[in-house]
Every structure is written in structure tokens, then in C-alpha cells.
Amino acid sequence: ELTVIAARPSVGKSSLVSQIAVNIAKSGKKVLVFPIEMSAESVVIRIASSASGLEPVMLRNNKYKTDWSKVRNDIAPISKSELWIDDDSALTSGRAILTAKDLASRLGGLDLVVVDYLQRFADVPNENRNNYLGKVTKNFATLSRQLDCPVILVSQLNRQSENRSGSRPTMADLRDSGEIENDADVIMLLYREHYHNKEADPHKTELIVAKQRNGATDTVPLHWDSNHLRFSCVEVRYQ
């Protein structure tokens, strides 16, 4: 299936898909990630921070007395996993698809492909973006079927939701193309009220399952830990 995870900037969509990729890789699966907006080093620091419970600044800056032996132990299960990262900042959608097919052929298949994010492909034109992104989304939906492998596409939401009472996003807020809504099997919208209202709980997050072709839709409560760039489950739903 093709899953789209969308949010406004800085809500945590990259952290969420990073966690998903790591958890699946740690379970023995083969995962390919295209972090178009970040370097592989930045992705690894995020992963190490989430796994070790240390803030990213402690992993980046040598002035802190970081317990590196603890970090190595915490990330050992990840370092032994088949987590592949292609951080080409000039990545085109076509080359991403070819890379996924080539790696799947060499490894005997893939279990997950993550693209972060759709609008940052180097071949997305300034004009006619709607039609082009619609084609790209359709191509990744086809790739998912060809590889028999789920694909997660990260996408931005436009600003329409910020002008709406409550600011909760809907599928109509998917940026640049209505085709994204049509071709995705699952659409999940990440929402944190604190992004719009600084007096709100900064940890409270909602993962809105707005579309699920083969199942029910619902809202899943999450807890956002900004210090370690990670989400955790909330057992009791917010009222």
C-alpha cells in the first residue's frame, strides 16, 4: 500500500517516519529511506538520540560529557539492522524509484520504502506542480505493488488549515495536488495544537487517520518529546 503522512512544517513528520523505519528495521526487515531534506548524518543523530535518550546537542557537540559506550550499546540493534539511507539532496523521483528497484533486486526484496518528502524532489517544477506531483504519487503507488512492499510518502500540508477554526487538518489541505488523496491507500495527518496555539500542551499530538482504503479511520493520540525528537503512545485517548 501507499501511505501518505502529512503535516505542516516542524510538527514532527520526519521524526515519526524515522521512528517507523527504525522499528521495522530492528524487527529484521529491510528498509530504504530517502531523507531528501536532511543528510544521513542528521538522520543517524536523530535515531541515536531517540534510542539513547540523549539530546541531539549532546551527540553533535564534543563539549558535553557524553557516555559513548552507552550510546553504542543503545544503537547496536539498529547498527546491525538492514536500514539503508540514500541522502542525495539532488534526488529525482525517477532515480529514487530506480534505486529502490535495484536495491530490492540485490537484497531479494524490500519491506519498506520511505520518502521524506514528496515536494522536495529535485525534478518537481515550479509550474504545473499539481499535475507533476500527481504523476509522482501514482508512480510510487505502482512501485509499491511492483515490489510488494509498503511505501510511505511524507508530504506537506498547505496553510488552509491554519485559517480554520481549531486548525485541524483535513485531506483537502494536502499541498499541491489532489491526486495525492486519490492514489494513497492510507492518509495520516499529524496535528499538534501547540503549533497553532502556544498556550496548548506542547506534547499532545494527534495522528489523524483520515483515509484507510481497507479499514477504519480514527484519531490516534501521541506524546511528542521535543528534547529527543520522538513520539510515544498514549494509552488513554484525549477527551
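Since the structure is predicted, the reported quantities are computational estimates derived from the model, not experimental observations.
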Side-chain donor or acceptor of Ser144 paired with backbone N/O of Glu1 under 3.5 Å: yes
Value rounded to 0.5 Å, distance of CG in Asn23 from NZ in Lys29: 13.5 Å
Crowding at CD, Gln146 (>12 non-hydrogen neighbours, <6.0 Å): yes
Heavy-atom pair with the smallest gap, counting every atom of Gln212 and Thr217: N-CG2, 4.0 Å
Co-membership, hydrophobic cluster, residues Trp224 and Val220, 4.5 Å side-chain: yes
No-hydrogen, no-angle side-chain donor-acceptor test under 3.5 Å, Thr99 and Arg95: yes
Gap separating the CD1 atom of Ile47 from the CG atom of Leu59, nearest 0.5 angstrom: 12.0 Å
Which atom of Pro9 lies closest to which atom of Tyr195, heavy atoms considered: O-CE1, 2.9 Å
Leu98 reachable from Leu147 in the ILVMFWY side-chain graph, under 4.5 Å edges: no
Heavy-atom check, side chain of Pro221 versus side chain of Thr219, under 4.5 Å: no
Separation of Ile97 CD1 from Phe34 CZ (nearest 0.5 Å): 9.0 Å
Asp148, CG atom: more than 12 neighbouring heavy atoms under 6.0 Å: no
Derivation and outcome, side-chain contact (heavy atoms from CB on, under 4.5 Å), residues His194 and Asp201: CA-CA 6 Å; His194 184 262; Asp201 183 347; over 6 Å; no
Audit row: Ile36, Tyr117, side-chain contact (heavy atoms from CB on, under 4.5 Å) steps and yes/no: CA-CA 6 Å; Ile36 306 173; Tyr117 62 95; over 6 Å; no
Check: Pro150 and Thr3 side chains under 4.5 Å, non-hydrogen atoms: no
Donor-acceptor contact present, side-chain Lys30 to main-chain Leu107, <3.5 Å: yes
Check: Ser105 side chain, Lys101 main-chain N or O, donor-acceptor pair, under 3.5 Å: no
Full working for side-chain contact (heavy atoms from CB on, under 4.5 Å) between Leu157 and Val11: CA-CA 11 Å; Leu157 295 174; Val11 172; over 6 Å; no
Atom of Pro202, atom of Arg192 and distance for their closest heavy-atom approach: O-CD, 3.2 Å
Gap between atom CZ of Phe231 and atom CG of Leu207 - 0.5 Å precision: 8.5 Å
Test item: Asp123 side-chain N/O and Ser93 main-chain N/O as donor-acceptor pair under 3.5 Å: yes
Check: Val154 main-chain N/O paired with Lys13 side-chain donor or acceptor under 3.5 Å: no
Exercise: do Gln119 and Ser155 side chains pair donor with acceptor under 3.5 Å: yes
Backbone N/O of Glu37 and side chain of Arg120: donor-acceptor pair under 3.5 Å: no
Flag, side chain of Thr137 to backbone of Leu133, donor-acceptor distance under 3.5 Å: yes
CD on Glu181 to OG1 on Thr170, rounded to 0.5 Å: 8.0 Å
Verdict with supporting geometry, Ile180 and Leu153, side-chain contact (heavy atoms from CB on, under 4.5 Å): CA-CA 10 Å; Ile180 300 173; Leu153 281 181; over 6 Å; no
Donor-acceptor contact below 3.5 Å, side chain Thr66 vs main chain Met58: yes
Heavy-atom neighbours of Lys211 NZ exceed 12 at 6.0 Å: yes
Contact summary for Ile75 and Ala48, nearest pair of heavy atoms: CG2-CA, 3.8 Å
Side-chain touch Val22/Gln19, heavy atoms, less than 4.5 angstrom: no
Check: Asp173 main-chain N/O paired with Asn158 side-chain donor or acceptor under 3.5 Å: yes
Where Ala216 and Val209 come nearest, the two heavy atoms and their spacing: O-CG1, 4.2 Å
Shortest non-hydrogen contact from Ala21 toward Leu112: CA-CD2, 4.2 Å
Residues, nucleotides or ligands: over 12 heavy atoms within 6.0 Å of Lys70 NZ: yes
Gap separating the OG atom of Ser81 from the CD1 atom of Ile24, nearest 0.5 angstrom: 11.5 Å
Pairwise side-chain contact, Val115 with Leu91, heavy-atom cut-off 4.5 Å (strictly under): no
Side-chain (Ser49) to main-chain (Arg46) donor-acceptor, under 3.5 angstrom: no
Val43 and Asp87, any side-chain heavy atoms less than 4.5 Å apart: no
Residue pair Ser52 / Trp68, side-chain heavy-atom distance below 4.5 Å: no
Whether His223 and His203 hold their rings parallel, tilted or perpendicular, with breakpoints at 30° and 60°: parallel
Ile20 side chain reached by Val114 side chain, heavy atoms, under 4.5 Å: no
Minimum side-chain heavy-atom gap Val124-Arg129 below 4.5 Å: yes
